[in-house]
Amino acid sequence: MSIEQLYKIYRQNPGVQTDTRKLRTNDIFFALKGNNFNGNEFAAKALEMGAAFAVVDEAAYFTRPDKMMLVDDALETLQQLALEHRKQLNIPVLAITGTNGKTTTKELINAALSAGLKTYATEGNLNNHIGVPLTILSIRPDVEIAVIEMGANHQLEIASYCKIALPTHGIITNIGKAHLEGFGGEEGVKKAKGELYDFLRATNGTVFVCHDYNYLVEMSKGIPHIITYGNKDADYTGTPAADTAFLGVQVNGEAGFIQTQLVGAYNFPNVMAAIAVASHFKVPPAKAAAAIAAYTPSNNRSQVIRQGSNTIIMDAYNANPSSMKAAIDNFAGIQAPKKVLLLGAMMELGADSIREHEALVAMLERTHWDAVVLVGGDFKKITHPYIYLENSAEAGKWLQQQQLQDTYILIKGSRSTGMEKVLA
């Protein structure tokens, strides 16, 4: 059976699943493998549960030739099917990558575009080698524009996603220090994220570039169509309101003032990206602005949680040196009677890890805090004047014992430190 034949089956049964726990009737099941699982073992069960078809890559599990396809690599076949579907879609596809703010920018753009267009965007953080093809295969015929988030932790990853998603438009939110171990240093991060620009340069594409970041302006040279946004000297400009817990943005144009539900001036470029994209695709500015103002962050990304008289900024989805600096700088600027930080260690920094954790401590020491708790990882290996705890459970117990009142609390850390458990 060819990809074209499989695509005909997909057209009749457009639901695709890789996990039987999420399977719906008439889905196509792809038997993917991981370090601790083999999807082939669940293929027959998927059919019993109502799947229309299953794709397996081990002959021992090819038990239903009428309802199964045996391939060399189920993941590769999933990606090929996604590419086949993408070729049938005559719509703009906007790809988003970057070190920080990818998901927030994607959500803001999705909200703004949806105010005027039938939009489909990456759900959650399905931004990897499995998530990108699943996102493409979720795009229905009535969709007018798609927004696809692309994450990466090594070279040529973004390039491989571009070959599947075939983006017509792109955004790199920013480039900072993250996954340094996999990228081979900060220049490696720039090269890897720049693979999106490389693709659009070669395919006569369009990019939205934050003009406030000189390195993005430089990297984008040679791309045929460049639309800029930022604080000044750009196609779309605005100004962030200062010293407020929630970001306000004065947009120069019909959108006017937008009071967002986002924490921190570091979200200003993300808001302006949404304004630029929505305006470019002719969404009425007032509708786009209203949608951005209504967007509420979730999933531990700059969430604001009120607990009694305390205000908690929960930003525990992930952390790296650049996002930590932005969060701490913003927290320092908030006017509050008392301020406490609980920070989890940063991961995947390789040989730079100790130095980056020491730099973070040096930054913390420049500001007075009522308390600082550092949790796990390489914080244990460095000298600092703060409270050190082994894990987020201990940090949660510490926080409960303090019985804080009228306090602003910042909780942030890399995904693997599980800092959201501090409030569990």
Side-chain angles (χ1 to χ4, degrees), residues 99-100 174 176-183 185-186 189 245 263-266 300-303 305 307 310-424:
T99 300
N100 301 313
N174 51 57
K177 298 175 180 179
H179 306 295
L180 297 180
E181 197 169 21
F183 286 128
E186 202 167 354
V189 180
V263 175
Y266 54 83
N300 302 315
R301 288 181 169 91
S302 297
Q303 280 181 270
I305 302 167
Q307 278 194 355
N310 297 325
T311 300
I312 299 165
I313 300 173
M314 174 64 78
D315 195 8
Y317 187 79
N318 218 334
N320 55 60
S322 46
S323 70
M324 276 285 203
K325 181 180 186 305
I328 293 167
D329 281 347
N330 176 74
F331 196 57
I334 294 174
Q335 299 301 310
K338 290 183 287 186
K339 287 190 272 192
V340 169
L341 301 90
L342 294 96
L343 304 177
M346 302 174 289
M347 305 300 180
E348 295 185 55
L349 296 177
D352 296 304
S353 186
I354 296 295
R355 184 171 70 249
E356 291 295 349
H357 282 81
E358 289 174 339
L360 182 61
V361 166
M363 178 170 58
L364 288 168
E365 289 178 317
R366 291 195 287 270
T367 303
H368 168 74
W369 312 102
D370 292 278
V372 176
V373 177
L374 304 178
V375 179
D378 282 347
F379 281 131
K380 188 174 186 176
K381 300 177 184 177
I382 64 175
T383 301
H384 58 78
Y386 303 118
I387 299 164
Y388 172 80
L389 297 172
E390 286 286 343
N391 53 55
S392 57
E394 288 187 14
K397 290 177 186 175
W398 177 90
L399 186 60
Q400 283 185 333
Q401 291 166 358
Q402 305 313 302
Q403 298 186 332
L404 299 172
Q405 300 291 326
D406 302 311
T407 303
Y408 269 63
I409 303 165
L410 173 64
I411 302 174
K412 187 169 178 62
S414 279
R415 183 86 295 276
S416 58
T417 62
M419 290 301 289
E420 71 280 359
K421 297 173 187 172
V422 168
L423 297 185

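What you see below is based on every heavy atom in this structure, not just the backbone, and it leaves out hydrogens, waters and symmetry mates. If you read the sequence from its start, that first residue is 1, and numbering goes on from there.
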If every non-hydrogen atom of [X] is compared with every non-hydrogen atom of [Y], which pair is closest and at what distance?
X    : Y    : result
Y408 : A336 : CD1-CB, 3.4 Å
A345 : G376 : CB-O, 3.4 Å
E394 : E390 : OE1-N, 3.3 Å
G418 : S392 : O-OG, 3.1 Å
S353 : M346 : OG-O, 4.3 Å

For the residue pair [X] and [Y], establish whether any side-chain heavy-atom pair is separated by less than 4.5 Å.
X    : Y    : answer
D329 : Y266 : no
L349 : H357 : yes
V263 : D315 : no
I382 : Y388 : no
T417 : L343 : no
N174 : S322 : no

Looking at [atom1] of [X] and [atom2] of [Y], how far apart are the two atoms once the value is rounded to the nearest 0.5 Å?
X    : Y    : atom1 : atom2 : value
L399 : I411 : CG    : CD1   : 6.0 Å
L342 : I387 : CG    : CD1   : 8.5 Å
L389 : N391 : CG    : CG    : 8.0 Å
E356 : M324 : CD    : CE    : 11.5 Å
Q303 : I312 : CD    : CD1   : 11.0 Å
N318 : K412 : CG    : NZ    : 7.0 Å

Worksheet entry | Pairing residues for V375 by the side chain to side chain contact (heavy atoms under 4.5 Å, CB included) criterion, not counting sequence neighbours |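 Expected list: V373, A395, M419.
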- request: Go through the structure and list residues passing side chain to side chain contact (heavy atoms under 4.5 Å, CB included) with T407, not counting sequence neighbours.
  value: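 Here the qualifying residues are N310, K338, V340, L404, I409.
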Q. H384 vs Y386 aromatic rings, parallel, tilted or perpendicular, using cut-offs 30° and 60°?
A.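 Geometry flag for Y386 against H384: parallel rings.
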For [Y], does its backbone N or O pair with a side-chain atom of [X] as donor and acceptor, under 3.5 Å?
X    : Y    : result
N320 : S323 : yes
S414 : M347 : yes
R415 : A316 : yes
K339 : F331 : yes

Per side chain to side chain contact (heavy atoms under 4.5 Å, CB included), V372 is matched among T367, V361, L364 by L364
